[in-house]
Amino acid sequence: MSDKLRVGILGATGMVGQRFISLLENHPWFEVVTVAASPRSAGKTYEEAVGDRWKMDTPMPEAVKKLVVKNVNEVEEVSKTVDFVFSAVDMSKEEIKAIEEAYAKTETPVVSNNSAHRWTPDVPMVVPEINPEHYEVIKHQKKRLGTTRGFIAVKPNCSIQSYAPALFALKEFGPKEVVATTYQAISGAGKTFKDWPEMVGNVIPYIGGEEEKSEQEPLRIFGHVDEEQGVIVKAESPKITCQCIRVPVLNGHTAAVFVNFEKKPTKEQIIEAWRNFKGLPQEMNLPSAPKQFIQYCEEDNRPQVTLDVDFENGFGISMGRLREDTLFDYKFVGLSHNTVRGAAGGAVLSAELLKALGYIEAK
């Protein structure tokens, strides 16, 4: 019998569910034992349920092909087979909130890729290198849910990973005003070019709800736990304004960022702060943690999706083109892998940290 934690994936047949499956193949701590999806997939093997919709570059892992898909709505049935679950379900926000709470109430921790609980006051939304102390709010959430080990933890929106860590690494200089435009890959919408031929050679200057998330979610990550109230209080600064644009790229969100500081650093100080920035995942040497979280590319034409999106297996982020600006103190370009660091990978790293800190253990 394996001593790995038993993992379930809710929404296992979708693109993010598939990314979870591929990232967890041969994981040293976690083993996928249960896959759950909509009632129409339930009862089929995973291989049959996905059919010709496997969207990853690597083949479907042999270990999951013959797993029989469970109905994600049969919460008790799924929960009794696992130690914790990753959630990537495709439902309405209210349905997601309800089903994730239902799983948590079976004493099953839920590490979610969904946005439904990102603003629930006692649910931590964490980038493991930035705000792991927000996990302290879990004890208050458990009190509300009436659980001893069940809880929900979420990861933030994929687009902010390309610039929020870079801003946080510069917090000693007080970033105060930020303008960011993100150029977002089609996999962020769960699509490939085969599914979305009209994106070939096209740019769409609108992604529903994305600009609000991109402006507000970094402030929640930069905020603090109010122990008295048992909630996360968001930060007041920096003030962030965003535009989000869909571009004909499969994987990789790029951000063009302008920033003003309270205390303007030198270019050398910024690059040094980025290159030296590390957090708990690096200190604890977690399995998926990038050794180098933020790299700075010196070349004028970097970072590029084709060259840099897989930096540190997609768990690292890349900065470049840092220079002084005529209106702002500085401008730069960032790049992150939206379905690895930005989605399933960010959730896997979060689960590793939650295990290392004692929040997730075998039932």
query = Less than 4.0 Å between a side-chain N and a carboxylate O, is that true for E62 and K65?
reply = yes
key: Note: D195-R53 ion pair, threshold 4.0 Å (strictly below)   = no
message = Any carboxylate oxygen within less than 4.0 angstrom of a Lys/Arg side-chain nitrogen, looking at E47 and K66?
response = yes
ask   = Between Q184 and N338, do the side chains contain an N or O donor and an N or O acceptor separated by less than 3.5 Å?
value = no
remark   = When M125, E101, K93 are each screened for side chain to side chain contact (heavy atoms under 4.5 Å, CB included) with H117, the one that passes is E101
task = Using the six-membered ring wherever Trp is involved, compare the ring planes of W274 and F332 and label them parallel, tilted or perpendicular (cut-offs 30° and 60°).
result = perpendicular
task = Could you point out which residue of E217, E210, H253, E212 forms a side chain to side chain donor-acceptor pair (under 3.5 Å) with N157?
result = E210
Under-4.0 Å salt bridge between R302 and D308 = yes
request  = Look at the aromatic rings of H27 and F30 and report parallel, tilted or perpendicular, splitting at 30° and 60°.
outcome  = parallel
message = Once rounded to the nearest 0.5 Å, what's the spacing between atom CG of N71 and atom CD of E77?
response = 9.5 Å
task = Assert yes or no for the condition that the ring centre distance of Y330 to F258 is strictly below 6.0 Å.
result = no
query = Taking 4.0 angstrom as the limit, do K139 and E136 come out as a salt bridge?
reply = no
Side chain to side chain donor-acceptor pair (under 3.5 Å) assessment of S336 paired with R341 = CA-CA 7 Å; S336 61; R341 169 57 75 163; over 6 Å; no
